Amino acid sequence: MTSSPSAASSPGRPGPASPRTTPPPGAATPELAEGGAVVALASLAGFEGCFGCGTDAENGLRIRHGGVVDGVMTCEFTVRKEHQGAPGFCHGGVLATAMDEALGGAAWLLGNRYVTGRLETDYLAPVPVGADVHLRAWCTGVDGRKAFVEGEARTGGPDGPVAVRAAGVFIEVPQEHFVPQGS
Ligand SMILES: CCCCCCCCCCCCCC(=O)SCCNC(=O)CCNC(=O)[C@H](O)C(C)(C)COP(=O)(O)OP(=O)(O)OC[C@H]1O[C@@H](n2cnc3c(N)ncnc32)[C@H](O)[C@@H]1OP(=O)(O)O
């Protein structure tokens with residue numbers, strides 16, 4: 001069974017996408033694979049070392065992947081002091097990493113393996129150390145090997161104010177792409 005992410009075209013979710021992260025005319029509507037990202041992840045050795053979500057990455061973000069609702073991938077992480085940029089606040093690069101992870105996860109829900117080709121971020125509000133950051137991401141279209149994805153990060157709860165918005169293009173790659181790093 002597959003499901004289509006209706007949030008992709010929701011007028012309530014205006015994205016930050018530029019022309020380079022907007023699906024071209026004729027792009028396919030994303031169809032999520034049965035089993036989602038788990039199917040593609042199953043063959044990916046070394047993933048527990050992922051700086052975004054790996055449990056072996058001591059100083060990583062340890063992003064906790066949540067569920068998928070109506071085609072929207074959810075996950076969250078807690079900002080620790082080692083993620084700090086300006087005193088007391090999360091580093092922008094750390095937040096970009098979190099968005100990369102969330103948007104990548106939304107692409108992997110299509111059932112293939114993807115790497116980041118382009119990532120755009122808009123920072124709307126500072127995120128303090130100690131904050132729980134709630135991430136959402138969804139695919140807006142597929143064009144050949146390219147998956148167009150958007151997302152947002154909120155603080156103060158899953159429906160709190162948006163702190164970061166992001167859009168990206170993820171490129172489908174074969175499993176062999178990862179072998180030198182993952183073996
Ligand atoms: C439930 C649990 C869930 C858990 C989920 C966790 C998931 C994991 C999340 C992980 C998250 C973290 C993820 C990470 O951190 S991934 C790590 C960061 N990214 C990389 O390392 C990628 C480095 N780049 C490459 O390896 C190659 O350049 C790739 C493979 C991308 C393309 O080289 P390749 O030789 O294979 O392909 P091609 O050049 O023929 O291009 C093919 C098509 O792609 C288009 N294109 C190419 N580049 C770009 C670009 N920059 N922007 C826009 N489009 C681009 C190109 O125009 C063409 O389109 P078209 O002409 O056909 O129309």
Side-chain angles (χ1 to χ4, degrees), residues 1-3 5 7 15-28 30-57 59-77 83 91-121 133-153 158 164-183:
M1 190 180 76
T2 61
S3 62
S18 74
R20 291 182 64 182
T21 51
T22 300
E31 291 286 337
L32 305 196
E34 185 173 2
V38 175
V39 175
L41 281 173
S43 58
L44 195 58
F47 195 68
E48 61 280 0
C50 174
F51 185 76
C53 66
T55 50
D56 284 356
N59 292 317
L61 304 194
R62 296 183 203 159
I63 291 170
R64 306 175 289 277
H65 283 282
V68 180
V69 179
D70 201 17
V72 177
M73 150 79 108
T74 65
C75 50
E76 62 182 63
F77 80 104
H83 302 148
H91 197 290
V94 168
L95 291 167
T97 299
M99 298 311 305
D100 193 17
E101 175 81 21
L103 270 60
W108 281 60
L109 289 178
L110 301 171
N112 301 313
R113 300 166 190 82
Y114 289 89
V115 293
T116 320
R118 183 174 179 81
L119 180 68
E120 300 167 357
T121 49
V133 180
H134 302 267
L135 305 144
R136 290 178 182 150
W138 55 94
C139 185
T140 56
V142 177
D143 179 38
R145 291 170 55 202
K146 294 175 291 192
F148 294 80
V149 188
E150 295 182 12
E152 62 190 21
V164 186
R165 299 189 303 175
V169 183
F170 286 73
I171 315 298
E172 184 185 338
V173 293
Q175 183 180 348
E176 294 70 45
H177 179 92
F178 301 104
V179 167
Q181 295 80 30
S183 61

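Please read these numbers as outputs of a predicted model, since none were measured by experiment. Counting starts at 1 for both ligands and their atoms, in listed order.
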Exercise for the section: Using side-chain hydrogen bond (donor to acceptor under 3.5 Å, both in side chains) as the criterion, list what pairs up with R64, not counting sequence neighbours. Expected result: E76, T78
Handout entry: Set of side chain to side chain contact (heavy atoms under 4.5 Å, CB included) partners for T21, sequence neighbours left out
Key = A17, S18, R118, E120, A167, V169
Practice task
Please name all residues satisfying side chain to side chain contact (heavy atoms under 4.5 Å, CB included) with T116, sequence neighbours left out, ordered by chain then number.
Solution key: D100, L119, F170
Handout entry: R136 (side chain) donor-acceptor with P158 (main chain) under 3.5 angstrom
Key = yes
Exercise for the section: Would you check, one step at a time, whether the test salt bridge (charged side-chain N to carboxylate O under 4.0 Å, His left out) holds for R165 with E152? Expected result: CA-CA 4 Å; R165 299 189 303 175; E152 62 190 21; over 6 Å; no
Handout entry: Shortest non-hydrogen separation from A57 to C50 and the atoms involved
Key = CB-O, 3.5 Å
Output block, N or O contacts of ligand 1, threshold 3.5 Å exclusive:
from     : atom 1 : to   : atom 2 : distance (Å)
ligand 1 : 15 (O) : D100 : OD2    : 3.2
ligand 1 : 19 (N) : T116 : O      : 3.1
ligand 1 : 36 (O) : R145 : NH1    : 3.4
ligand 1 : 36 (O) : R145 : NH2    : 2.7
ligand 1 : 37 (O) : R145 : NH1    : 3.2
ligand 1 : 51 (N) : G117 : O      : 2.8
ligand 1 : 63 (O) : K146 : NZ     : 2.7

